[in-house]
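Naming convention: chains lettered A, B, ... in sequence-line order (proteins, then strands); numbering from 1 in each chain. Heavy-atom basis, side chains included; hydrogens, waters and symmetry copies ignored.
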Protein chains: 2
Amino acid sequence: MLRISPELAAEGASRSPGLVERRLLHEEVVGRLRDMIVQGELAPESKLNERVLAERLGISRTPLREAIKYLASAGLVELAPNRGAKVAPLKPEKVKEIFVVLGALEALAGDLVCRNANDADIAEIRALHYEMLAHHARGDLAAYFRCNQRIHLKLVERAGNATLAQVYGSLNAYVLRARYIANLSRGRWDKAVKEHEEILDALVRRDGARLKLLLRDHLANKLVLVMEALGHAPESAPAQPAAG
Amino acid sequence: MLRISPELAAEGASRSPGLVERRLLHEEVVGRLRDMIVQGELAPESKLNERVLAERLGISRTPLREAIKYLASAGLVELAPNRGAKVAPLKPEKVKEIFVVLGALEALAGDLVCRNANDADIAEIRALHYEMLAHHARGDLAAYFRCNQRIHLKLVERAGNATLAQVYGSLNAYVLRARYIANLSRGRWDKAVKEHEEILDALVRRDGARLKLLLRDHLANKLVLVMEALGHAPESAPAQPAAG
DNA sequence: TTTTTGTATTATGAATGCAAAATCAGTGGA
DNA sequence: TCCACTGATTTTGCATTCATAATACAAAAA
């Protein structure tokens, strides 16, 4: 049997030039599976048939199973004893929960980024912002989404707390899957862009307190969109902490 | 070879009476390893020899490896390619990071618990509080620690956001290991108890805003203790968001 | 027709086998 | 004495194999 599929081998190539690339097969698979799940290639609830998946990836079941356990810990996959694994369902209730936690984390990130980020960091975010505006102007929703996501991730990353970034990323992955369902109306889209203008402004002025509030509102609006996409009108506002 | 060690089999017994117990071996192992790590039986940095550990647990390497991958995702274990796994080191820098995130999460929990918890929940926490006072009065530090931990976990749990509780627990596990190093002075201990009195008071009065602040301060004090235990005087205050 | 039961097939869970990499012990040389 | 090298041993990573549970399906009974 083949040792590794060409695609997998190619993926992790070219990191730091002097060092030999040295990754574990199951880590490659984790990355690959995560992408497949987040991008919807593996739909929520879909069963992960070990034999089929292993064959498709050109590996044996062992590293695949290890990767599945890893993703199960991250919450992207659910395990049923003797019944295998499936992609975690996109439960509206859980989405709400995650948004509440993400709200607290983004608020924290907003606070921290205003203190810790240097001018280059902010310039980078600003550049992404304009790139995003370009996608908006062209009406390229997919590109807009990707860019938007990069901005939020960059913001959290530049808060200077790796743990925060990691937890954020992990929770975000679960929710991100809904994005490919969502379909923004023009009005909503314009509103989101306007919010981003304000976010950038607060960031540039390093107004942490304001950035915090803006990010929270932005996230709350995003939640509404996601819930609509999932076919659940948000009956009651999610339990958000008072903006104190 | 034995299928399962008696100890492991006993652990998950007695759920709902009609149903047969049905757990995965690697899940048992995850629980067991996590305990061993958190309780210091497996010290930070210590190598996880697969053959030895598997023998000790009475299982083969396969489910053990799966459990290790699971814990690696949770951050309790670190993997080095071709060099196996070791218990994640207790890095002071990372401890600080985690405390910052835990601060945001506990603040959120404090807010939520004041809205969502019912009287029974609060009565339960109050009971734990008095139990803790008893341990304090007797000078039983270990029992105090355990009870203290249960209070904080219960508080987060009763916030009514399972995702929050899960993330909190996961981050907490990393930091918890330092507890068995720490050695509280009497003065510090008394102070911590006093803080808990205030926390309970705010909870009973459902004063979310105040509870939030109390929890944050309490956590900040705890961080100081932990850092001292790790031999790192906290040079500068950790980047905490403004209490606004 | 519907339900149930027995059987064949398939998938999962765990153990074992095997090759490659890392570690260690010992030797030789500077 | 210290270091570099070499071969043996250990350990890891992955594949394969085996046992058991789940599923599908057909035949029999209600």
*Please give, in whole Å, the distance from dG13(C) P to E66(A) CD?*
14 Å

So which protein nitrogen or oxygen atoms get under 3.5 Å of nucleotides 5-10 of chain C's nitrogens or oxygens?
none

_Residue list, ring-ring contact (aromatic ring centres under 6.0 Å, His included) with H218(A), at least two apart or on another chain_ = H152(A), H196(A)

*Sequence-distant partners of E157(A), side-chain contact (heavy atoms from CB on, under 4.5 Å), two or more places apart*: K154(A)

*Over how many whole Å does the gap from K86(A) atom NZ to dA22(D) atom P extend?*
16 Å

*Kindly write out the residues that satisfy ring-ring contact (aromatic ring centres under 6.0 Å, His included) with Y144(B), not counting sequence neighbours, or none if the list is empty.*
W189(B)

*Could you tell me the separation between the NE2 atom of H26(B) and the P atom of dG13(C), rounded to a whole number of Å?*
9 Å

*Restricting to pairs with a member in residues 69-82 of chain A, which pass salt bridge (Lys or Arg N to Asp or Glu O under 4.0 Å), not counting sequence neighbours?*
K69(A)-E66(B)

_What is the distance, to the nearest angstrom, from the CD atom on E55(A) to the C1' atom on dA15(D)?_
14 Å

*asked:* So, taking the atom named CG in L102(A) and the one named CD in E97(A), what distance separates them when rounded to the nearest 0.5 Å?
replied: 11.5 Å

*Gap between atoms CG and P, on N82(B) and dT10(D) respectively (whole Å)*: 19 Å

_Candidates dT16(C), dG13(C), dT11(D) - which lies nearest the side chain of S60(B)_ = dT16(C)

*Would you mind reading off the distance between E50(A) atom CD and dA21(D) atom C1', rounded to a whole angstrom?*
13 Å

*How long is the span from the CG atom in L48(B) to the CD1 atom in I37(B), to the nearest 0.5 Å?*
6.0 Å

*Do any side-chain nitrogens or oxygens of T62(A) fall under 4.0 Å of OP1 or OP2 in dC14(D)?*
no

*Contact class for A80(B) (heavy atom, under 4.0 Å): base, sugar-phosphate, or nothing?*
sugar-phosphate

*Hey, does the side chain of R61(B) come within less than 4.0 Å of dA14(C)'s phosphate (OP1/OP2), counting only N and O?*
no

*Look at the side chain of P63(A) and decide which nucleotide, out of dA15(C), dA15(D), dC18(C), has an atom nearest to it.*
dA15(D)

*Do the side chain of R83(A) and the base of dG13(C) come within less than 3.5 angstrom through a donor-acceptor pair of N or O atoms?*
no

*asked:* Check this one for me: any side-chain N or O of K47(A) less than 4.0 Å away from OP1 or OP2 of dT12(C)?
replied: yes

*Roughly how many Å is it from CD1 in I68(A) to C1' in dG13(C), rounded to a whole number?*
12 Å

*Quick one: L57(B) CG to dA15(C) P, roughly how many Å, whole number?*
11 Å

*Please name all residues satisfying ring-ring contact (aromatic ring centres under 6.0 Å, His included) with H135(B), sequence neighbours left out, ordered by chain then number.*
none

*Looking at every strand, decide which applies to L48(A) at a 4.0 Å heavy-atom threshold: base, sugar-phosphate, or nothing.*
sugar-phosphate

